[in-house]
Amino acid sequence: MSDEFEECRQHLWAVAYRITGTISDADDAVQDAWLRWQGTDRDAVVEPRAFLTTIVSRICYDMLTSARARRESYVGEWLPEPLLSGDPNPEARITMDESVSVAMLAVLERLSPAERTALVLHDVFAVPFGEIAGIVGRSTQAVRQAASRARRQVQEYGPRRSVDLPAHRKAVEAFAAAVETGDLPGLVAVLDPDVVWRADGGGVVNAARVPVSGREKVSRLLTGLVEKFYVGRGLSARLELVNSEPGLVIREASGAVNSVLAFSVHEGLITEVDVVLNPEKLRHLPM
């Protein structure tokens with residue numbers, strides 16, 4: 001019977017990460033679901049995957065509700081914990097291709113717990129509204145309306161991005177080359193005129209506490225950061241998959257992760273850069 005849970009583990013982790021946006025919460029939710037599964041009369045369970053999805057979703061919904069106040073008082077921008085292609089967490093590695101981008105997960109932070117849970121479960125995992133109603137404790141109609149509100153916010157605030165992996169990679173490579181060589185014209189050329197830079201330092205490390213918008217402002221910010229923090233510190237930038245898309249991982253000379261940059265690219269130009277600097281959100285990443 002434990003095999004039934006293991007068959008669903010990767011799916012459950014993907015659900016948990018999308019709803020919570022954190023590695024630790026996703027891990028805890030799956031572990032809690034496993035413990036509850038041990039106390040379940042499994043002979044009475046007709047569809048284990050659906051049953052377990054309900055359990056883990058309820059756990060995540062409760063987590064999200066209790067975390068909302070903490071996130072509202074968070075210092076600066078709140079970004080999700082990034083997943084890398086070399087993440088030692090087996091669930092993270094296997095579900096990478098299913099994961100939404102860092103930018104989209106950041107947009108989901110605008111939603112209420114009920115809206116986020118409804119949108120993720122229905123639009124990503126095709127869970128019927130009637131089942132979601134039981135998870136969030138609302139009527140089916142209320143859940144349907146919550147998902148509709150969530151879609152409108154995602155459409156309004158979601159990143160401008162093209163589903164073109166080669167173009168995405170090319171833009172990130174050009175960005176990295178321009179930053180490393182101090183090529184300001186080259187940097188400007190790869191940035192969208194309305195590019196947005198968001199950085200999550202969590203009040204632990206220095207980072208812009210509000211988004212920086214516009215090609216000129218972002219390029220000036222980057223030039224200053226490179227001159228102040230990058231040059232002479234032995235930092236190195238490496239292209240890696242960040243939440244299934246090409247991004248950059250900045251490492252110290254020791255190999256420790258200094259920061260992770262995720263990008264949104266539209267028609268060959270970078271429209272958003274999301275930078276995770278908070279060490280607490282990077283400690284799960286491999287050396």
Check side-chain hydrogen bond (donor to acceptor under 3.5 Å, both in side chains) between Arg144 and all other residues, then give those that pass, not counting sequence neighbours. none

Students often mix this up, so state it plainly: with edges at 30° and 60°, are the rings of Phe263 and Phe175 parallel, tilted or perpendicular? perpendicular

Flag for Arg58-Thr54: side-chain donor and acceptor within less than 3.5 Å: no

For the residue pair Ala26 and Thr20, what are the closest heavy atoms and their distance? N-OG1, 3.9 Å

Heavy-atom count around Arg71 CZ within 6.0 Å, excluding the residue itself: above 12? yes

Intermediate values then yes/no, side-chain contact (heavy atoms from CB on, under 4.5 Å), Asp192 and Arg160: CA-CA 10 Å; Asp192 184 87; Arg160 287 186 297 117; 2.6 Å; yes

Qualifying residues under side-chain hydrogen bond (donor to acceptor under 3.5 Å, both in side chains), relative to Arg110, sequence neighbours excluded: none

Considering non-hydrogen atoms only, spot the tightest contact between Ala103 and Ser264 and give its length. CB-OG, 3.5 Å

Hydrophobic cluster membership, with links at side-chain heavy-atom distances under 4.5 Å among I/L/V/M/F/W/Y: are Trp13 and Leu35 in one? yes

For the pair Val265 and Ile270, evaluate side-chain contact (heavy atoms from CB on, under 4.5 Å) and give the outcome as yes or no after the intermediate values. CA-CA 4 Å; Val265 177; Ile270 294 170; 4.2 Å; yes

Which distance, rounded to the nearest 0.5 Å, do you find between the CG of Asp28 and the CD1 of Ile23? 11.5 Å

State the CG-CG distance between Leu84 and Leu282, to the nearest 0.5 angstrom. 8.5 Å

Determine, step by step, whether Thr53 and Phe125 satisfy the side-chain contact (heavy atoms from CB on, under 4.5 Å) criterion, reporting the C-alpha distance in whole Å, the side-chain angles of both residues, the deciding distance to 0.1 Å, and the verdict. CA-CA 10 Å; Thr53 297; Phe125 296 101; 5.9 Å; no

Does the side chain of Ile19 reach to within under 4.5 Å of the side chain of Ser57, using non-hydrogen atoms? yes

Walk me through whether Arg152 and Ser148 qualify under side-chain hydrogen bond (donor to acceptor under 3.5 Å, both in side chains). CA-CA 6 Å; Arg152 288 196 297 270; Ser148 179; 3.2 Å; yes

Output a table of donor-acceptor pairs, distance under 3.5 Å, between side-chain atoms of residues 272-281 and any protein atom two or more places apart or on a different chain; print 'none' if there are none.
{"from": "Glu272", "atom 1": "OE1", "to": "Arg198", "atom 2": "NH2", "distance (Å)": "2.7"}
{"from": "Asp274", "atom 1": "OD1", "to": "Arg198", "atom 2": "NE", "distance (Å)": "2.8"}
{"from": "Asp274", "atom 1": "OD1", "to": "Arg198", "atom 2": "NH2", "distance (Å)": "2.9"}
{"from": "Asp274", "atom 1": "OD2", "to": "Arg198", "atom 2": "NH2", "distance (Å)": "3.4"}
{"from": "Asn278", "atom 1": "OD1", "to": "Glu280", "atom 2": "N", "distance (Å)": "3.0"}
{"from": "Asn278", "atom 1": "ND2", "to": "Tyr74", "atom 2": "OH", "distance (Å)": "2.8"}
{"from": "Lys281", "atom 1": "NZ", "to": "Leu79", "atom 2": "O", "distance (Å)": "2.5"}
{"from": "Lys281", "atom 1": "NZ", "to": "Asp200", "atom 2": "OD2", "distance (Å)": "2.6"}

Find out whether Arg251 and Val257 are in side-chain contact, i.e. whether some heavy atom of one side chain is under 4.5 Å from a heavy atom of the other. yes

Taking the side chain as every heavy atom from C-beta outward, state whether Asp27 and Tyr17 have any atom pair closer than 4.5 Å. no

Between the CG atom in Leu12 and the CG atom in Asp32, the distance rounded to the nearest 0.5 Å is 12.0 Å

Atom pair CG (Leu269) and CZ (Arg215), whose distance is rounded to the nearest 0.5 Å: 6.5 Å

How about Ser101 and Asn243: do any of their side-chain heavy atoms sit closer than 4.5 Å? no

Mind listing the closest non-hydrogen atom pair of Ser73 and Arg70 along with its distance? OG-O, 3.1 Å

I'd like to check Pro159 versus Tyr157 (side-chain heavy atoms, cut-off strictly below 4.5 Å). Are they in contact? no

Quick one: do Glu6 and Arg9 satisfy salt bridge (charged side-chain N to carboxylate O under 4.0 Å, His left out)? Show the steps, please. CA-CA 5 Å; Glu6 293 306 317; Arg9 181 182 289 273; 3.0 Å; yes

Nearest 0.5 Å, what's the OG1-CD1 distance between Thr117 and Ile135? 8.0 Å

If two hydrophobic side chains count as joined below 4.5 Å and joins carry through other members, does Tyr61 share a cluster with Trp37? yes

ILVMFWY cluster, Leu165 and Leu248 together (side-chain gap under 4.5 Å): no

Other residues, nucleotides, ligands: >12 heavy atoms within 6.0 Å of Glu216 CD: no

Do the non-hydrogen side-chain atoms of Glu81 and Ser24 ever get within less than 4.5 Å of each other? yes

Is there a path of hydrophobic side-chain contacts, each under 4.5 Å between heavy atoms, that joins Val75 and Trp78? no

Take Leu235 and Glu252, measure what side-chain contact (heavy atoms from CB on, under 4.5 Å) needs, and give me the verdict at the end. CA-CA 5 Å; Leu235 297 178; Glu252 305 279 354; 3.3 Å; yes

Is the shortest side-chain heavy-atom distance between Met63 and Thr22 below 4.5 Å? no

Within the distance-only criterion (no hydrogens, no angle test), does the side chain of Glu115 pair as donor or acceptor with the backbone N or O of Ser112 below 3.5 angstrom? yes

Please list, chain by chain and in numerical order, all residues satisfying ring-ring contact (aromatic ring centres under 6.0 Å, His included) with His168, sequence neighbours excluded. none

Please verify the inter-ring angle class for Phe5 with Trp34; under 30° counts as parallel, over 60° as perpendicular, anything in between as tilted. perpendicular

Distance-minimising heavy-atom pair for Val143 and Ala118: CG1-CB, 3.9 Å

For Arg49, what residues pass the side-chain hydrogen bond (donor to acceptor under 3.5 Å, both in side chains) criterion, not counting sequence neighbours? His11

Quick one: closest heavy-atom pair of Arg138 and Ala114, and the distance? CZ-CB, 3.6 Å

Taking the side chain as everything from C-beta on, heavy atoms only, tell me whether Arg116 gets closer than 4.5 Å to Leu105. yes

Nearest heavy-atom contact between Pro211 and Val196 is CB-CG1, 3.9 Å

Hydrophobic cluster mates of Val210, side-chain heavy atoms under 4.5 angstrom, ILVMFWY only, any path? none

Rounded to the nearest 0.5 angstrom, the CD-CG distance for Glu4 and Leu52 is 8.5 Å

Any link between Met104 and Leu111 through a network of hydrophobic side chains (Ile, Leu, Val, Met, Phe, Trp, Tyr) touching at under 4.5 Å? yes

